[in-house]
Amino acid sequence: MPVFLHDTMSREKRPLLPKPGRDVFGMYCCGPTVYGPAHIGNFRTFTVQDILRRALEVAGLKVKHVRNITDVDDKTIRGAQAAGQTLGAFTKTWTDKFHADCKALGLLPPHVEPSAVEHIPQQVAMIKALVDRGHAYVAKDGSVYFKVCTCPDYGKLNHIDFSKLETQSENSAGEANDADEYERESASDFALWKSRKPEDGANFWPSPWGEGRPGWHIECSAMSLAHLGATFDLHGGGIDLCFPHHENEIAQSECATGVKGFAAHWFHSAHLMVEGEKMSKSKGNLYTLDELVAKGFTPMEVRATLISGHYRSSLNFTMKGVDDSRSALAKLERGTDRLLAAAGFTRAEFAAPVAQEVQTSWGRFAKAWEVLQDDLNIPGCLGQVFTVLAEKDEPSAEQARQDISGLAKILFALGLELFAAKAEVAIPADVAELGARRWAAKQSKDFAAADQLRKDLAALGWTMLDRKDGYELKKS
RNA sequence: GGCGCGGUAGCCAAGUGGUAAGGCCGGGCUCUGCAAAAGCCCCAUGCGUCGGUUCAAUUCCGACCCGCGCCUCCA
């Protein structure tokens, strides 16, 4: 059975399969603008996309996952100038940081990660096609704009009838939407090519219309065309990109290639709230992965938190939520350990299946997989996993082996890596000594002394956990 | 105004026309010198409000209340 997913354009849940005659499922996801560290809101979207890709692979599809790097726009140019760096050096710094964060969060690298700067000739070619076909015009200053009124079905993704729409007098940022100011014929028209301005510094490229740089929307159209063709299977991004970015992509691509059906399926994920509030710079709640790690959370705990809600619902990210995820992951590990013991396997034998390998057995986790396949219901899937792990009857070794096969695939699809080596917390010498003395006191049944030493340890912020044949010191 | 999303226990969060998964927290028990850890058990007669359809609605329909998103470059 294929994976079913809600499609933004048709507003229906539809099966995900490659186009007839193709054997690879092509998916394009709008990637980060590399002008600073990505925040957890960005990573929610990328994590959900990662799980979709993993689930498709577990389902047996060959997937080509393309996710771009936006490395030229207002923010990257301004950032590079503020840092006194070239655009390339500046964006490389943040691209590297993005990759490091992705790896920590267990995101599989996309199969292709195109850079906008490296696809400027393709963008120019696409703009030229739009001009030649009468879908774009050149303004006095050499900028090129897409002429929305030449695209009759513009608005089809967002179900907006643009011919009837009154243009707003200002945008969401409170700035005037003044067509004249931008030399546009209509306020709905958008820039394909921006003529060179002094503040762009060294960041300009040649074009038939003079020096300048590409507009934002055209990047994704050109890169998806270059790597997936005029039509492909799925296009994803955060819900905020639905309009205008994705609407514009459709218009540009379909008008430039003359081929309708740009993306067969549109996949949008909802936004993250933080502690009940919308994330914003002014509120200072744009957490980065580093900030959460500094608070003592592991990236895997952050990942588990980011997927604790359905992708189409906004999720309230809280520190308590990450704490909850920590406890839940620990419970998942204990349950997995029990199952491994019942199957006669070691942790080392519990490896994630290679992506292309399709094992036949789901064991008791068939239901969990079924739930995940239904519009990527991650919380429902995890609920099923816990339900099975909590079942009373001890499974037979054979049953447990089948279960392990299913569980490994589920956890691979979710990208949840268990049993990661915990960071060793250095134990100060004085704490270690108190611990040793308490253990000795306990062994000699001097419980009064042992209790006092436990209190001393607590005063230093440490907890002592007694085992049968030893003890463990943990920071409390 | 246009186009959408959502309101389920203390917190988070699935789901269904036939009587509410799961996680966290909390409580109880077992184990234990103590403390933990672990295991077991308990924890919504209720799913924003009011109507309607139905043998039956949290689930469908309508109205209303509340929260949220996008509407020109924010994942």
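Letters go in sequence order (proteins before strands), and every chain restarts at 1. Values in this document were obtained by computation on a predicted structure and should not be read as measured data.
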Between [N] and [M], how far is it from one [atom1] atom to the other, in whole Å?
N	M	atom1	result
A57(B)	G62(B)	C1'	14 Å
G15(B)	G7(B)	P	10 Å
C66(B)	G28(B)	C1'	38 Å
U32(B)	U59(B)	C1'	48 Å
G6(B)	C47(B)	C1'	14 Å
A37(B)	C29(B)	C1'	16 Å
G46(B)	G10(B)	C1'	15 Å
A44(B)	A14(B)	C1'	15 Å

Can you tell me whether the side chain of [X] and the base of [N] have a donor-acceptor pair closer than 3.5 Å?
X	N	result
D240(A)	G69(B)	no
R44(A)	A75(B)	no
D466(A)	C34(B)	yes
R438(A)	G33(B)	yes

Self-check item: Worked verdict on R54(A) versus D50(A) for salt bridge (Lys or Arg N to Asp or Glu O under 4.0 Å)
Solution: CA-CA 6 Å; R54(A) 288 165 173 268; D50(A) 179 64; 2.7 Å; yes
Quiz item: Can F447(A) be called stacked on G33(B) when the rule is centres closer than 5.5 Å and an angle between planes below 30°?
Solution: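 Yes, F447(A) stacks on the base of G33(B).
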Quiz item: Stacking between H271(A) and the base of A75(B) (centre distance under 5.5 Å, interplanar angle under 30°)?
Solution: yes
Base, sugar-phosphate, or nothing for [X], non-hydrogen atoms under 4.0 angstrom?
X	result
D451(A)	base
G321(A)	nothing
K278(A)	sugar-phosphate
K194(A)	base

Are [X] and [Y], when compared by the centres of their aromatic rings, separated by less than 6.0 Å?
X	Y	value
Y287(A)	H39(A)	no
H119(A)	H227(A)	yes
H268(A)	H6(A)	no

Lys/Arg N to Asp/Glu carboxylate O, [X] vs [Y], below 4.0 Å:
X	Y	value
E291(A)	K295(A)	no
D466(A)	R438(A)	yes
D7(A)	K13(A)	no

Quiz prompt | 5' precedence on RNA chain B between A390(A) and R312(A) (nearest-nucleotide basis) | solution = R312(A)
Exercise. Output the distance between atom CG (N203(A)) and atom CG (L87(A)), rounded to the nearest 0.5 Å.
Key: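 Those atoms lie 4.5 Å apart.
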Quiz item: Nearest 0.5 Å, what's the CZ-OH distance between F267(A) and Y311(A)?
Solution: 5.5 Å
Quiz item: Looking just at side-chain N and O atoms, do S269(A) and T45(A) make a donor-acceptor pair shorter than 3.5 Å?
Solution: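 Their side chains do contain a donor-acceptor pair, which is all the 3.5 Å distance test asks for.
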Quiz item: M319(A) has an atom CE; how far is it from atom P of C24(B), in whole Å?
Solution: 20 Å
Quiz item: Taking CG from N248(A) and P from C70(B), how many angstroms apart are they, rounded to a whole number?
Solution: 17 Å
Quiz item: For G23(B), does OP1 or OP2 lie under 4.0 Å from any side-chain N or O of K331(A)?
Solution: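 Looking at the OP1 and OP2 atoms of G23(B), one of them is under 4.0 Å from a side-chain N or O of K331(A).
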Practice problem: Treating a pair as Watson-Crick (purine N1 to pyrimidine N3 plus N6-O4 or O6-N4) or G-U wobble (N1-O2 and O6-N3) with both distances under 3.5 Å, list the stems of 3 or more consecutive pairs that involve RNA chain B. | Solution: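 In RNA chain B, stems of three or more pairs: B:1-7 with B:65-71, B:10-12 with B:22-24, B:26-30 with B:38-42, B:48-52 with B:60-64.
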Self-check item: Contact list for RNA chain B against residues 457-465 of chain A - heavy-atom distance below 4.0 Å
Solution: M464(A), L465(A)
